[in-house]
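First comes the structure, then the notes that go with it.
Source: prediction; values computed, not measured.
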There are 2 protein chains.
Amino acid sequence: MTNPRKTPTIQDVARSAKVSTATVSRALSSPDRVSEDARARVFQAVEQTGYTLNQAARSLRQRNSRTILVALPDIGNTFFSTILDAIEREAVLRGYGVLVANRFAAHDSGRRLHEYFLSNRADGLLLLDGSVALEPLLALAAPPIGVPLLMACEDIDHAPFHSVRTDNEFAAEVATRHLIGLGHRAIGHIRGPVGNVLTAEREAGYRRALALAGLEARPEWIIPAGFEMRQGLAAAERFMTLRERPSAMFATNDETAIGFLSGLRQHGLDCPRDISVVGFDDLAFAAHFWPPLTTMRQPREALGRIAAEALIDLIEGEPRRRVPRHTVLSSELIVRGSTRVHIAAPELAEAVL
Amino acid sequence: MTNPRKTPTIQDVARSAKVSTATVSRALSSPDRVSEDARARVFQAVEQTGYTLNQAARSLRQRNSRTILVALPDIGNTFFSTILDAIEREAVLRGYGVLVANRFAAHDSGRRLHEYFLSNRADGLLLLDGSVALEPLLALAAPPIGVPLLMACEDIDHAPFHSVRTDNEFAAEVATRHLIGLGHRAIGHIRGPVGNVLTAEREAGYRRALALAGLEARPEWIIPAGFEMRQGLAAAERFMTLRERPSAMFATNDETAIGFLSGLRQHGLDCPRDISVVGFDDLAFAAHFWPPLTTMRQPREALGRIAAEALIDLIEGEPRRRVPRHTVLSSELIVRGSTRVHIAAPELAEAVL
DNA sequence: AAGGAAAATGCAATCGATTACATGCAGCCA
DNA sequence: TGGCTGCATGTAATCGATTGCATTTTCCTT
């Protein structure tokens, strides 16, 4: 009325409702602590003035921001963006905003990390990137600062943080056993980026399955690649140079598998006729690829949801010094067209099947 | 030293450096306004105390948050997540944080929109979703509140907001002309979700190209679908029921095209032998799909970067009442394996090519 | 009707930084 | 030496909500 150019504050509401600011605050945040009369007047005043809370003021006073920071290696990657989707959904449900920090490890994750982001800007950190330097994280999470911190998907070996992950090693073993079960004996692996925890675990699972079946994991059958399609493509080139080629490959993830298959096709190799391939993740594209990709499905929605839940519990929970809890979810083998029974002589395959 | 359990404030730094808080503040935000001596002492004190700024306090005082809100229809979708990637990169460069709000239109975008998010939580809104109700947006952007608002990718017809987009109609025309140039005469369209601006523009471009070439756009050749793979898959079923089938299709985007092709394959149809297909977007997967997808490449990185730049300029610029500016970027035809010259009798194709 | 517990409300301090304004001080010129 | 300019610094108000404590009101019991 009197001064329409500024956004209304709690003072304006108080004046309009003829109560004190304390009552307005209480009416809004714990309605049952004020009289019905006052409550009604406050609500009406809010409506009339168009009041909205100033988050900065509340954050300052309450020493929290109702915001979580999600740090990931690559938002552009479908795998992470699906998880982010689930995280965001859960966070909003609990009244939290989501700040994103992409390519986290790329920036100097030390000083910047807590300077830029955790100066009361976020109440907790959800870290989807295992390749971040451990030191600064420890500094953040330890008592003096004590930021609630949770790692999801990837994690750092023996780091004392809460985590939510999937059983990568076992899943890789299942994937490889699937190939063995189909009669394949020469089974290779397309490996993820060096230094990555997932890479190591998936390779270990692959080796374990082979070992248990008494099969050999020939060094030249383990082709170094990464998590991206172009690296899968490069792996195909490498594959073509092998004297003796495996009849099946377990790829560290779907993107790599897809790039690999796309590369093989350029050389006239056909999947599944000439080779069987298992991926990892079950991206949306995997089902629509040709051939539809056999893969280990990671419960991405559950992963994101549970991670967000756990982090917010951590933030809101009283005893912050709880022992780190590790949640492990299972992956599921999804059999599609990219794997089939091994036939010694491929040219007979059509006849046999 | 004395009280290590609380995070240090500017007071602590001031005490340690033996200056006033005003000097500390100035030393940190405009170093050339204090003496060299004071500056050095402040920096050292900061180092020693491990001080970090409390963003909430600064936001409260300065009435800004150095944060932008990015609202999108679906983060899980590669198309948007790539753009978000570029937005985030640019924002961080300019010292801004990025809050994300997913499935924006799904929530009631009215009250919640400015209640939840724009209460000094964000300085501006980057909207990647054209299907949000116009009313509340106008209310936000108009003088009383005056939130800087920019639409990217999609927009709302004749809404008075700044925007950054691509030339969808023209690009669709180019895509369709490509098919016509290959000799196709019976050309269909897989349409996006109803009500979406992009859907309308792309269909218009398709129609325009046909009209200019004197070709017919038969109603039954325009198959309703959406932007998702499963809808492309459904479109394939519909396609199979046609008495007379087009020899080429222009799909509203790559996902739809991929779903469509994957559906056709189940019916034994081969692309490009039996049909040519053009997509839209040039997702990373498009190049590795089989057949590699011919498509209109949208400059997604540029889109995101320019949108973020423009929004931040808007936020920081003095004259907020500038006339809405519309930036339009061009798309580029990427020819790959999913389109080829039309041969009247498909069974002769191999011989001819 | 008086007394007292419980509920409702108000007052004012507080969160931590920024900044308008006041003050101090050095350097310079007449 | 006195007065002026301009830089460096300090004092204290300010941003807008929350909340500990004090006070008032309500309502119940005897």
Candidate pair A/Ser81 and B/Thr78, rule side chain to side chain contact (heavy atoms under 4.5 Å, CB included), full reasoning: CA-CA 8 Å; A/Ser81 66; B/Thr78 321; over 6 Å; no

Verdict with supporting geometry, B/Arg305 and B/Ile87, side chain to side chain contact (heavy atoms under 4.5 Å, CB included): CA-CA 5 Å; B/Arg305 182 170 42 73; B/Ile87 291 172; over 6 Å; no

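Rounded to 10 degrees, the angle separating the terminal axes of the helix from C/dA1-D/dT30 to C/dA30-D/dT1 is 50°, with each axis obtained from five end pairs.
Counting only residues at least two apart or on different chains, the side chain to side chain donor-acceptor pair (under 3.5 Å) pairs with a member in residues 57-66 of chain A are A/Ser65-A/Asp123, A/Arg66-A/Glu316. Sorted by first and then second residue, the side chain to side chain donor-acceptor pair (under 3.5 Å) pairs involving residues 130-140 of chain B (not counting sequence neighbours) are B/Asp129-B/Ser131.
For the pair A/Asp12 (side chain) and A/Thr9 (backbone), a donor-acceptor distance under 3.5 Å is present. Not one N or O on the side chain of A/Arg165 forms a donor-acceptor pair closer than 3.5 Å with the backbone of A/Ala152.
Of the options A/Leu126, A/Thr327, A/Leu311, A/Asp155, a side chain to side chain contact (heavy atoms under 4.5 Å, CB included) to A/Val164 is made by A/Thr327 and by none of the others.
Note that CG of B/Leu127 is 13.5 Å distant from NE2 of B/His162, once rounded to the nearest 0.5 Å.
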Would you list the atom pairs, donor with acceptor, under 3.5 Å between side chains in residues 20-32 of chain B and any protein atom, with sequence neighbours excluded?
residue	atom	partner	partner atom	Å
B/Ser20	OG	B/Ala22	N	3.3
B/Ser20	OG	B/Thr23	N	3.3
B/Ser20	OG	B/Thr23	OG1	3.3
B/Ser29	OG	B/Ser25	O	2.9

Using a cutoff of under 3.5 Å, can you pull out all pairs of nitrogen or oxygen atoms linking the protein to nucleotides 14-18 of chain C, with atom names and distances?
residue	atom	partner	partner atom	Å
C/dT14	O2	A/Arg61	NH1	2.9
C/dC15	O3'	A/Arg63	NH2	2.9
C/dG16	OP1	A/Arg63	NH1	3.4
C/dG16	OP1	A/Arg63	NH2	2.6
C/dG16	N2	B/Ala57	O	3.4
C/dA17	OP1	B/Tyr51	OH	2.9
C/dA17	OP1	B/Asn54	N	3.3
C/dA17	OP2	B/Ile10	N	2.2
C/dA17	O5'	B/Tyr51	OH	3.3
C/dT18	OP1	B/Arg58	NE	2.9
C/dT18	OP1	B/Arg58	NH2	2.9
C/dT18	OP2	B/Ser25	OG	2.6
C/dT18	O2	B/Arg61	NH1	2.4

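The CG-C1' distance, from A/Asn120 to D/dT18, rounds to 15 Å in whole Å.
A salt bridge between B/Arg325 and B/Asp313 is absent, with no side-chain N of the basic residue lying under 4.0 Å from a carboxylate O of the acidic one.
In this structure, A/Thr23 and B/Arg33 both approach DNA chain D, and ranking their closest nucleotides by distance from the 5' end singles out B/Arg33.
Heavy-atom distances under 4.0 Å link DNA chain C to no residue of residues 35-45 of chain B.
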